[in-house]
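Shown next, in structure tokens, is the structure this report addresses.
Since the model is a prediction, treat every value here as computed from it, not as a measurement. Here is how names work: the chains are called A, B, and so on, in the same order as the sequence lines, proteins then strands, and each is numbered from 1.
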Amino acid sequence: MYQEAERLRSFTRRAIFAGAAQSVLFAGLGARLYHLQIQKSEDYALLAEDNRVNQRLLIPPRGRIYDIAGRPLARNVPTYRIRVIRERTLDLRKTLERLSTLVELRPEELEDVIIRAEARRAFVPIDVREGLTWEEVSRIAIRAPELPGIVVDSSLLRDYPHAEILAHVLGYVGPVNERELEEDNDPLLKIPEFRIGKNGIEKTYEKQLRGRAGLSRVEVNAVGRAIRELDRDDGDPGKDLNLSIDINLQQYCFNRLSGELAAGAVVVDVQTGAVLALASVPTFDPRAFNNGLSHALWNEWRDNPRHPLVNKCIRGQYPPGSTFKMVTALAALEAGVITHTYEAYCPGFMRLGRSRFHCWKQWGHGRISLNQALAQSCDVYFYDIARRVGVDAIAEMANRLGLGHSLDIDVPGERPGLIPTREWKLEAVGEPWQKGETLVAGIGQGFVLATPLQLAIMTARLCNGGKAVKPWFVRPTDIENVGSVNISQSSLRHVLDGMHEVINGRRGTARGARLDIENVEMAGKTGTSQVRRITRSERAQGLHKRKDRPWEERDHALFVCFAPYENPRYAVSVIVEHGESGSKAAAPIAKDIMTRALELDPAGRGSKSAGA
Amino acid sequence: MSIATRIKPMELRLSEKLLGMHWPLVALIVVIGLVGYIVLYSAGGGSHEPWAARHGLRLAFGTLLMLGIALIDVRLLFRHAYTIYGICLSLLIAVEIMGSLSKGAQRWIDLGFFQLQPSELMKIALALALARYFHPSYLDEVKSPSHLLPAILLAAVPAALVLKQPDLGTAVMLLAVAVAMLFLAGVRLWKFALAIAAVGGALPIIWSQLHDYQRERVLTFMEPERDPLGAGYHIIQSKIALGSGGLWGKGLLNGTQAQLSFLPEKQTDFAFTMLAEETGLVGALVVLGLCLSVILLVISVALRSVHQFGRLLAMAIAINFFLYVIINVAMVTGLIPVVGVPLPLISYGGTAMLTTLMGFGLVLCIDVHRYTQIPRFPTGG
């Protein structure tokens with residue numbers, strides 16, 4: 001019995017000890033729970049919220065772009081895309097293989113997706129395929145529960161209904177680059193699928209077109225499927241833009257130029273500076289930039305001697321040649337060194353010191369007036385008056401007419417051209433001005449460079465009564481307050497008479513460019529500018545007139561014009577690179593474009609009474 | 001007490017047994033099972049399917065089984081303790097052979113109605129066998145190592161088989177119950193100190209015997225961020241669920257972690273996490289309090305039993321239940337590695353609930369027969 005009592009005592013002691021120990025351990029669990037659920041509760045609540053809620057920026061629809069009559073030039077079309085989120089798949093490869101039974105996915109594409117997915121962090125969505133059909137989308141949607149981690153989303157793709165013919169004006173959109181990310185802290189730029197304006201109108205008006213980002217907070221479960229949307233702010237869509245472009249005229253210009261290897265044409269409203277058409281050939285497909293341009297295509301475009309990426313109307317700088325002669329004439333008239341009745345004698349050349357400066361007409365024009373010198377484009381006449389007025393006065397007049405500086409058109413990349421002065425040469429070249437260079441500048445050669453846009457604006461300022469209009473695509477607010485070029489009406493009248501004679505006179509250089517519209521006359525000026533200097537020996541052998549010169553060495557053909565003569569509405573400027581003859585290559589194009597512009601103009605079709 | 005012992009007749013009638021039943025203990029056990037029903041209802045997203053309804057059925061069946069066991073004469077259990085142990089050991093060996101044939105980690109025998117896990121049954125059988133073994137042992141005998149050796153073998157053989165399955169959690173629990181029973185039978189404390197030292201020395205050997213996934217669990221436990229999307233994911237998500245529950249919880253059916261499936265195994269091993277996310281610290285402590293109450297009541301049953309068999313068996317059941325709860329809750333709160341131990345009566349799972357209720361049935365049986373004497377060395381069959 002003693003042993004039984006001893007055993008019971010021991011057991012009781014130890015059982016009570018065990019109960020106490022268990023109670024203590026339970027208290028330990030309680031303390032642990034207190035630590036997690038009370039002391040650290042806020043941290044874990046945040047983590048749970050992070051788990052639960054996916055915040056997603058919503059890209060607002062980009063503003064659409066319309067032409068002058070409200071026809072769409074840039075719009076957004078829905079496109080569907082499959083993406084995969086690695087961390088939400090059970091097995092990336094198996095999921096993709098299952099997907100490939102539903103939509104076409106080649107084995108090498110599948111491998112590529114896996115490589116890209118493993119190169120990024122697991123929660124980054126990886127593009128699998130774009131441009132899905134609606135049928136493919138619905139097939140995936142039905143099988144969605146078997147495809148964890150596969151996400152189908154729709155996005156808006158920038159679409160240009162007139163892609164190529166407006167590429168230089170509209171520009172294009174593309175993926176955001178590092179520099180843009182640094183300059184702009186809009187969170188939208190961090191979304192991989194966001195597209196930013198890279199050039200043209202798309203770039204200049206990026207801020208208006210972009211809109212404000214929306215925000216969607218979505219409750220998701222552990223495999224990433226959205227359970228419900230908690231709240232949503234749609235943001236603001238981008239602002240629509242209306243351009244001065246007339247798409248029909250633009251289309252016409254483009255078609256008319258497309259026979260040439262490289263050319264440009266600009267049509268402006270002379271009263272306002274509105275650019276109705278601005279065409280540059282060859283062109284490019286702006287949609288190629290949407291997902292980043294391939295290197296091969298980029299190199300091809302960049303190295304092409306015809307420069308498809310360059311907007312020749314605002315970035316092409318050409319010696320204006322004889323289209324510059326109005327500037328020289330006005331400089332001389334306004335300076336008073338000649339009157340409109342002044343006559344010069346042209347023997348086919350002018351001698352200055354030991355040099356001869358040739359007229360395009362080998363045997364000369366004989367005695368010739370200002371009016372006929374413009375009409376027949378006599379070089380010697382302008383050598384003479386340029387020498388009399390001096391290069392600085394010519395440069396000053398050129399600047400007043402919009403040459404030699406940027407015109408602030410609302411697309412990026414405009415170049416200023418070049419109007420030389422004595423001071424400029426000393427600074428830029430480091431040599432003093434030579435007298436002969438004044439003569440060459442007087443006929444728009446030598447250092448003188450202008451863009452086709454500048455020449456169109458120059459023509460507009462000549463014919464609109466001296467209003468210093470500037471070019472634009474989107475109507476500026478202060479359009480009424482343009483300044484004046486400060487040229488006397490009589491001087492302008494004499495120069496315009498000369499331009500009228502170019503087309504309508506018996507001996508004009510562009511008689512073939514007469515409009516075929518009754519009661520509507522056009523005035524203009526041809527230009528044929530040398531690309532390289534003609535050597536004395538070439539001239540002696542007559543080589544400079546040869547037709548078999550390489551394309552790159554042939555003269556540029558230019559033409560500027562306006563119409564109707566009595567009540568001007570449009571100015572047109574045309575450049576045909578290496579087109580050899582302004583009258584033969586450029587003038588016919590300009591005539592057709594002007595004809596089309598007048599036909600399309602509801603207000604001024606052939607009527608003299610129409611106002612601006 | 002000794003007078004009462006003498007006066008009470010040896011044979012009890014059914015009405016006496018029912019009257020003598022420890023009803024408060026029965027009530028507590030059923031309440032915990034009903035909490036499990038609510039948790040599983042929420043785990044099913046507010047539906048009786050697929051878990052809650054079956055859990056309820058098993059609870060009802062298991063409760064009847066528990067009461068049925070309580071009515072068995074304790075001497076019958078005593079007499080057949082080794083037989084039961086032998087049957088369970090055979091079943092364990094049977095699954096071992098089947099498992100090696102099918103080359104999988106098979107741990108159960110499919111009985112159609114539910115899957116029988118011999119390792120779970122073994123927890124009860126081992127307790128029965130050890131209680132039977134130490135029933136006659138006075139402290140002098142317990143002192144002798146040769147007397148302890150059969151007891152150690154009784155525990156070590158099934159533990160080794162279970163470890164081989166491999167089921168680390170159950171093996172640890174079997175050994176822990178055995179150690180607790182040795183302690184309660186009166187084995188001197190210095191022997192435990194010696195054993196702990198020996199185990200410490202054996203740890204490197206055990207480590208080398210562990211499966212890769214078991215090692216991974218241990219390593220991840222040491223540093224959950226090692227693999228936040230793999231092995232550590234469960235612990236991290238469980239802690240987030242617990243922590244975000246706060247004091248009062250997010251409300252039933254509103255636990256974002258559980259309802260949105262961030263929490264894995266929410267109906268089985270992580271049921272407690274789900275409960276704590278949705279009902280907060282308050283709900284978690286209430287459940288822990290219920291469990292502790294059950295444990296303390298069972299210990300009180302052990303203390304008032306007149307025979308050593310009943311004392312040891314009741315304590316073994318208490319400790320077994322305690323181990324379930326402490327391991328499961330320590331696991332989901334990130335205190336110990338994830339070893340795959342469910343929370344009995346609350347987690348979804350047939351065998352664990354049935355064996356738990358069978359264990360409590362034994363406790364109730366001991367309590368009903370608390371005045372029934374069992375001789376040290378019974379004669380006859």
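- Note: B/F322 and A/F26 have tilted aromatic rings, judged against thresholds of 30 and 60 degrees for the angle between ring planes.
- A salt bridge between A/E104 and A/R129 is absent, with no side-chain N of the basic residue lying under 4.0 Å from a carboxylate O of the acidic one.
- B/S244 and B/Q257 are not linked by any side-chain donor-acceptor pair at a separation below 3.5 angstrom, with hydrogens and angles left out of the test.
- By a heavy-atom distance cut of under 4.5 Å, A/L33, A/Y34, A/L36, A/Q37, A/I38, A/S41 are the residues of residues 33-42 of chain A near chain B, going up by number.
- Looking at A/R32, the atoms closer than 4.5 Å to chain B (heavy atoms on both sides) all sit in the side chain, from C-beta outward.
- Between the side chains of B/E265 and B/T268, a donor-acceptor pair is found at a separation under 3.5 Å.
- Only the side chain of B/F272 comes within contact range of chain A, with at least one heavy atom under 4.5 Å from a heavy atom of that chain.
- Formation of a donor-acceptor pair under 3.5 Å by the A/S138 side chain with backbone atoms of A/E135 is found in this model.
- Between the B/E277 side chain and the B/A258 main chain, a donor and an acceptor come within less than 3.5 Å of each other.
- Heavy-atom distances place both the backbone and the side chain of B/L281 under 4.5 Å from chain A.
- By number of non-hydrogen pairs under 4.5 angstrom with chain B, the leading residue of A/G28, A/S23, A/G30, A/A18 is A/S23.
- Neither the backbone nor the side chain of B/A241 comes within contact range of chain A; no heavy atoms are under 4.5 Å apart.
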Practice task
May I have the step-by-step check of side-chain hydrogen bond (donor to acceptor under 3.5 Å, both in side chains) for B/N254 and B/Q259, ending in yes or no?
Solution key: CA-CA 7 Å; B/N254 288 330; B/Q259 301 295 344; over 6 Å; no
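- Using a 4.5 Å cut-off between heavy atoms, A/I16 contacts chain B through its side chain alone, with no backbone atom that close.
- Chain A forms the most heavy-atom pairs under 4.5 Å with one residue out of B/G245, B/S137, B/S300, B/G289, and that residue is B/S137.
- With a 4.5 Å cut-off on non-hydrogen atoms, B/L288 touches chain A through its backbone and its side chain both.
- Between B/F183 and A/F17, the closest side-chain pair of non-hydrogen atoms falls below 4.5 Å.
- Heavy atoms of B/L242 lying under 4.5 Å from chain A belong to its backbone as well as its side chain.
- Counting only distance, with no hydrogens or angles, the side chain of B/S238 and the backbone of B/I235 share no donor-acceptor pair below 3.5 Å.
- Only the side chain of A/S10 comes within contact range of chain B, judged by heavy atoms closer than 4.5 Å.
- The backbone N or O of A/R106 lies less than 3.5 Å from a partner atom in the side chain of A/E109, making a donor-acceptor pair.
- Residue B/L189 touches chain A through both its backbone and its side chain, counting heavy-atom pairs closer than 4.5 Å.
- Interface check for chain A: of the options B/L296, B/L292, B/I299, B/T256, the most heavy-atom pairs under 4.5 Å are formed by B/L292.
- In this pair, A/Y80 and A/W134 present their aromatic rings tilted. The plane angle is within the 30 to 60° band.
- Listed for the B/E278 side chain is a donor-acceptor partner under 3.5 Å among the backbone atoms of B/G255.
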